[in-house]
Amino acid sequence: MRFLIDGLVLLALGLSTYAEAKRGLFFALFDLIRIVIGLALGFAAFSLLHRMSGSYPAGFAAFGVAALIGIFGVRALLHALRLDPAWGRLPAARFLGGLLGLLLGCLISAVFVPVIGRSGWGREAVPRSSLARPFLDAAPTLYYVADAVNLDFPMLNARAVRFEDEGRGAEATLVDRINYSRLDGSTCIECGSAVHFDGYFRRVGVSVSPRFTCPQCGRMSDGCQTFEGFHEMYGRCPTDVCREIGPIDCGVWPNGRPVMPYGVCPIDG
Ligand SMILES: [Zn+2]
Ligand SMILES: [Zn+2]
Ligand SMILES: [Zn+2]
């Protein structure tokens, strides 16, 4: 099955390179620009509708409509202005257009490779495909970009919904994205120090996890071993959860020493 993934990546790269070389540099540039505009409009519309209605489908519908308006609006504008400069079709411009097409194909692959890799047969095939590997390695970059613009968009993720299931390889579902970069400096549940956000790292298969380390006691976690992170991820206070299930450790980056939360929770005391 991994050859099917290789084939899909080749197809995406080949088709977009060919299409943009044919369209030439001028239109290739505008294709990239209108995709960026379409995505920006789409994300803004999603955020608005999702906040108003609280539903993912409503947000996705808004995303689709706004993105299409952006993508085809720019095209209609170019058409209306009758812009089609001759330099855009020079051989060198076609070559550069093809390079932009290749870049576009890479962006498309960077999105669809991790999505296929999270479900069904893709979970085995994607990590073994040699053409998919660079896109998996690049996946953490998308997380940093999303954090930097504080993107309000759900993620297809295998993150556990209850702490008790953490690290058990749950089925991937849509979950609210958490801005882990902003949890830098959260309070360690073992010693009460401010933890350091190390970044996003690929773990098993296609999954990417955030990692935090406490500079004082060395405790590592995906954020769940901090008061603020636990609240954000599981919507409960770690102090309350530990009262029910006893000492806890991170299921993603285990420390081998379960602890009871130390001191007072800075979120809800
Ligand atoms: Zn600590
Ligand atoms: Zn709390
Ligand atoms: Zn954890």
N-O pairing of Arg182 and Glu232 below 4.0 Å |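 No, no charged N to carboxylate O under 4.0 Å.
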
Asp268 and Arg236 ion-paired at < 4.0 Å |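 Arg236 and Asp268: not salt-bridged.
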
Please check if [X] and [Y] belong to a single hydrophobic cluster, counting links between Ile, Leu, Val, Met, Phe, Trp and Tyr side chain heavy atoms closer than 4.5 Å.
X      : Y      : value
Ile35  : Val65  : no
Ile116 : Leu13  : yes
Met233 : Tyr200 : yes

Applying salt bridge (charged side-chain N to carboxylate O under 4.0 Å, His left out), which residue pairs with at least one partner in residues 57-84 are found, sequence neighbours left out?
-> Asp84-Arg89

Would you say that [X] contacts [Y] through its side chain, given a criterion of any heavy-atom pair below 4.5 Å between the two side chains?
X      : Y      : result
Cys250 : Met220 : no
Leu41  : Ile37  : yes
Met155 : Leu174 : no
Asp222 : Trp253 : yes
Tyr234 : Arg162 : no
Tyr180 : Phe212 : yes

Ring centre gap for Phe163 and Phe230 strictly below 6.0 Å |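 Between Phe230 and Phe163, which both carry aromatic rings, the centre distance is below 6.0 Å.
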
Partner set under side-chain contact (heavy atoms from CB on, under 4.5 Å) for Ala12, not counting sequence neighbours =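 Per chain and number, Ala12 pairs via side-chain contact (heavy atoms from CB on, under 4.5 Å) with Ser109, Phe112.
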
Note: Cys188 and Val195 closest approach over all heavy atoms is CB-CG1, 3.8 Å

For Phe227 and Gly263, work out which heavy atoms get closest and say how close.
->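 Here Phe227 and Gly263 meet closest at CZ-O, 4.2 Å.
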
Just wondering, more than 12 heavy atoms not from Tyr144 lying within 6.0 Å of its OH?
-> yes

Write out all pairs satisfying side chain to side chain donor-acceptor pair (under 3.5 Å) with one or both partners inside residues 34-49, taking only residues at least two apart or from two chains.
-> Asp31-Arg34, Ser47-Arg51, Ser47-Asp152

Examine the side chains of Thr213 and Asp198 and answer whether a donor and an acceptor come within less than 3.5 Å of each other.
->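 Present: a donor and an acceptor within the cut-off.
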
Please say which of Gln225, Arg257, Gln216 ends up in a side-chain hydrogen bond (donor to acceptor under 3.5 Å, both in side chains) with Glu190.
-> Arg257

Please answer whether the main-chain N or O of Ala146 pairs with a side-chain N or O of Arg177 as donor and acceptor at a distance below 3.5 Å.
->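 Yes; judged by distance alone, with no hydrogens or angles, the pair exists.
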
